[in-house]
2 protein chains.
Amino acid sequence: MPAASKAKPAPVGRGRRAARASGDERERAILETAERLLEERPLSEISVDDLAKGAGISRPTFYFYFPSKDAVVLTIIDRLVTAAADSREEALATMAEGELRAGLRQALTDLYGAFRSRRAVTLAAAELRMRNPEARELWSQVMEGWVADVTAVIEAERARGAAPAGQPARDLAIALVQMNERVQYAAFTGESPSLDEDRVIDVLVDIWLRAIYGTAEPS
Amino acid sequence: MPAASKAKPAPVGRGRRAARASGDERERAILETAERLLEERPLSEISVDDLAKGAGISRPTFYFYFPSKDAVVLTIIDRLVTAAADSREEALATMAEGELRAGLRQALTDLYGAFRSRRAVTLAAAELRMRNPEARELWSQVMEGWVADVTAVIEAERARGAAPAGQPARDLAIALVQMNERVQYAAFTGESPSLDEDRVIDVLVDIWLRAIYGTAEPS
DNA sequence: AACTTTATCAACACTGTGTCGAGAGAGTCA
DNA sequence: TGACTCTCTCGACACAGTGTTGATAAAGTT
């Protein structure tokens, strides 16, 4: 007996049907085609037919594997989001007690790297979020997780007297996390104005440190 | 002679054809219909037929007035953007020398108000920007203007010794302006996480002041 | 009255989505 | 072996939306 045949816990699937046997191959082909095409052009300019053709099947057959174009992208985003969540947790873990400042830079660098390495998917996620509630929900969870962790860090730093009081920690965290999202997105698209890719981290870290540890007075 | 008939300097028009005589009325009806429908649902769920019906004309007749749905929205955005630019200039003008800190709060408040009062249009602009180069360009100009002014303010404050040195003023300005855009957008949609509408200004002003005037050390 | 301009829309061509129903091929089992 | 059941495939269809064409009406001009 080859390997898994019944022992496949239904890949949960962002609304897509469970896969089986030889069909796995097709499914992978569709996902790979989608990732490839997203490197070339925006999601809105990719049709179901493009995905089907790229995977070597007809358009109706595509619908055997995924209920829509959005579902394909959602599956891809799901992976990115999982990877990003791991990056975040790991980064914040190594950032325990004491050297928070250096740890923060590391955390922002790792997270930035996670999205930059999948730039095309990140941009597709932003596009899909505009019109797809499921994509919105998925992204929302990433942001919530990130905000929750940052809030905890800020509160801990304030509690041990390392950071001065100020706006509610969660409010501060929301604004900072959203700043990162927008600044990174702009750097990826290269729109103008935007930060050069190699300036992003320095600028963001500086603002984070000042927002968390600084006051509004020059020293 | 009624009034203007030939003496109409062709309203430049975001790609739309010049209007005339009784057609002006229709054109206005289309724009008003668009604004009204945008209060109800996202741009992607509004069709050319919806706009035509709302203005009391057939779909082909719509194309006599505007070349596409996007052109209608672009015209609307153009007005918002012009109003926002005025807000910005005015706010920064009253913010001359000295009381920069209070002026900054006023400037952010005014700009926030300009977009909040046209929430539906602001959200449509964000949506259109994703897939329309002209909308991107238009938005880009607003951001550039804003960044240029903020850069000048930061440099002036540093020059007179009121603000400490730090990241290049323009880089700082880009990140701060983009933070505002994202935080305001999130507050408008009410996505989660997002700041409560009445917390937005306090939080943003605090971060701006710390980023510009503060250092990364608690006082 | 002939002519021009503005304004209107039915009918068409086209692109893209998603569904239906008729199979083909592979595996099961009686 | 032959009936049965899966998985997988796709031609043909129905639909929704965009944008164009060409015929025509109504109003203004000469």
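Please read all numbers here as calculations on a predicted model, not as lab measurements. Every chain is numbered from 1 and lettered A, B, ... according to where its sequence line falls, protein lines coming before strand lines.
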### Task
Counting heavy atoms from C-beta on, name the nucleotide in D/dC10, D/dC8, D/dT18 closest to the side chain of A/Phe64.
D/dC8

### Query
With respect to the phosphate group of D/dT9, does any side-chain polar atom (N or O) of A/Tyr63 fall under 4.0 Å of OP1 or OP2?
no

### Query
Would B/Ser140 and A/Glu191 count as having a side-chain donor-acceptor pair, cut-off 3.5 Å?
no

### Message
Side chains of B/Trp139 and B/Glu181: any donor to acceptor distance under 3.5 Å?
### Response
yes

### Message
Can you tell whether the side chains of A/Arg131 and A/Asp70 come within less than 4.0 Å, N to carboxylate O?
### Response
yes

### Message
At less than 4.0 Å, is any side-chain N or O atom of A/Ser58 found next to OP1 or OP2 of D/dC10? Yes or no.
### Response
yes

### Query
Salt bridge check: are A/Asp50 and A/Lys53 linked by an N-O gap of less than 4.0 Å?
no

### Task
Starting from C1' on D/dT9, measure out to CZ on A/Arg26 and report it in whole angstrom.
9 Å

### Summary
Testing C/dT8, D/dC10, D/dT20 for proximity to the side chain of A/Ile57, the answer is D/dC10

### Query
So which nucleotide from C/dT17, C/dT8, D/dT18 ends up closest to the side chain of B/Thr61?
C/dT8

### Query
Expressed in angstrom and rounded to an integer, what is the separation of B/Lys53 atom NZ from C/dC9 atom P?
11 Å

#### Entry: Value in whole Å for how far the P atom of D/dA27 lies from CD of B/Glu25
14 Å

### Query
Does the base of D/dG19 carry an N or O that pairs as donor and acceptor with the side chain of B/Arg59 under 3.5 Å?
yes

### Query
For A/Leu43 and C/dG16, what is the distance between atoms CG and C1' respectively, to the nearest whole Å?
14 Å

### Query
Choosing from D/dG11, D/dT21, C/dG18, which nucleotide comes nearest the side chain of A/Pro60?
D/dG11

